[in-house]
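Structure, as C-alpha cells:
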Amino acid sequence: MSTPAASDQVARPAVIQLAIREKGALYAAYIPLFAEGGIFVPTAREYHLGMDVYLLLTLPDDPQRYPVAGKVAWITPAGASGGRTQGIGISFPADDKSRQLKSRIETILGAHLASDRSNQTV
C-alpha cells in the first residue's frame, strides 16, 4: 500500500494553546490594529502569512478558554530589531465569537488601550 503524497493531504491548521495570566502580558500581546482584533503568540516554530491556525486562548482571571480559528497575519522573525520576541500575530476571523472575544479583551485592558507603552507588535 502506498502512502499519499504530501500534496494529496489536506493540511490541518496548527493548534496553539496560549494562556495569558497578567493584564500587562495581555496588553503586550493584543493587536488592536487588526480590524477584528488579534493576538501575538511567542513561538520559534515556522509559520507563513495566511496560514490557518486554531488558537485556544485563556485570558487573565478568566477560567474560560476561547477557541479562535484565525490566520497568521504578522510574523516577527528571530533576531528582530528592538529586542522583539520571535512569534506570530494571529488575526481573529470576522464572526460573532471573535467580536465578543475582542470586546472581552478590550474590557480587561480598559484604559491600558490608550497607553503608548510598547508591545510585541508595533
Side-chain angles (χ1 to χ4, degrees):
M1 181 170 195
S2 66
T3 306
S7 61
D8 294 340
Q9 297 175 356
V10 175
R12 290 196 318 227
V15 177
I16 301 170
Q17 293 187 49
L18 178 64
I20 300 177
R21 307 213 185 282
E22 300 171 356
K23 192 182 289 190
L26 180 59
Y27 172 80
Y30 180 56
I31 307 173
L33 296 176
F34 294 162
E36 303 299 330
I39 202 86
F40 179 81
V41 178
T43 181
R45 185 172 167 196
E46 186 176 324
Y47 289 89
H48 303 285
L49 289 175
M51 280 181 75
D52 291 323
V53 290
Y54 187 76
L55 175 68
L56 293 169
L57 178 64
T58 305
L59 301 174
D61 301 320
D62 188 341
Q64 183 174 341
R65 284 175 32 171
Y66 296 89
V68 178
K71 289 198 178 289
V72 175
W74 180 285
I75 297 174
T76 302
S81 65
R84 297 203 186 278
T85 302
Q86 179 180 3
I88 58 172
I90 298 172
S91 64
F92 299 161
D95 62 21
D96 285 339
K97 282 185 176 182
S98 293
R99 281 187 276 285
Q100 290 170 7
L101 176 57
K102 180 180 181 181
S103 176
R104 176 76 181 116
I105 290 170
E106 291 180 353
T107 297
I108 292 169
L109 292 177
H112 289 286
L113 283 173
S115 173
D116 59 1
R117 216 172 79 213
S118 67
N119 59 33
Q120 292 294 342
T121 55
V122 292

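Residues take their numbers from the sequence shown, with the count starting at 1.
- With sequence neighbours excluded, no residue forms a side-chain hydrogen bond (donor to acceptor under 3.5 Å, both in side chains) with S91.
- Closest heavy-atom contact between Q86 and A78: OE1-CB, 3.4 Å.
- The minimum heavy-atom distance between I75 and L49, with the atom names listed, is CD1-N, 3.7 Å.
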Listing, residues 61-68 side-chain donor-acceptor contacts under 3.5 Å, not counting sequence neighbours, or none:
| residue | atom | partner | partner atom | Å |
| --- | --- | --- | --- | --- |
| D62 | OD1 | Q64 | N | 3.0 |
| D62 | OD2 | Y66 | OH | 2.5 |
| D62 | OD2 | R104 | NE | 3.2 |

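- Here Q100 pairs with nothing under the side-chain hydrogen bond (donor to acceptor under 3.5 Å, both in side chains) rule; sequence neighbours left out.
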For F92 and I105: C-alpha separation, side-chain torsions, deciding distance, then whether side-chain contact (heavy atoms from CB on, under 4.5 Å) applies. CA-CA 12 Å; F92 299 161; I105 290 170; 4.1 Å; yes
Please report the C-alpha distance between I88 and F40 in whole Å, then the side-chain angles of each, then the deciding distance to 0.1 Å, and finally whether the side-chain contact (heavy atoms from CB on, under 4.5 Å) criterion is met. CA-CA 6 Å; I88 58 172; F40 179 81; 5.9 Å; no
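- Counting only residues at least two apart or on different chains, the side chain to side chain donor-acceptor pair (under 3.5 Å) pairs with a member in residues 48-59 are E46-H48, D52-K71.
- Every side-chain hydrogen bond (donor to acceptor under 3.5 Å, both in side chains) that D96 has, sequence neighbours left out, goes to R99.
- Between I90 and Y47 the shortest side-chain heavy-atom distance does not fall below 4.5 Å.
- The heavy-atom pair separating I20 from L26 by the smallest distance is CG2-N, 3.4 Å.
- Here the shortest heavy-atom pairing between A14 and R45 reads CB-NH1, 3.6 Å.
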Could you please spell out the steps behind the side-chain contact (heavy atoms from CB on, under 4.5 Å) verdict for V41 and V53? CA-CA 11 Å; V41 178; V53 290; over 6 Å; no
Determine, stepwise, if the pair V15 / L55 fulfils side-chain contact (heavy atoms from CB on, under 4.5 Å). CA-CA 6 Å; V15 177; L55 175 68; over 6 Å; no
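- Side-chain contact between L18 and L56 is absent, with no heavy-atom pair separated by less than 4.5 Å.
- The shortest non-hydrogen separation linking I31 to G89 is CD1-CA, 3.7 Å.
- Rounded to the nearest 0.5 Å, atoms CG (L57) and CD (Q17) are 11.0 Å apart.
- Considering all non-hydrogen atoms of both residues, K102 and Y30 come closest at CG-OH, 3.2 Å.
- Rounding to the nearest 0.5 angstrom, the gap separating the CZ atom in F34 from the CD1 atom in I39 is 10.5 Å.
- Not one N or O on the side chain of T43 forms a donor-acceptor pair closer than 3.5 Å with the backbone of G87.
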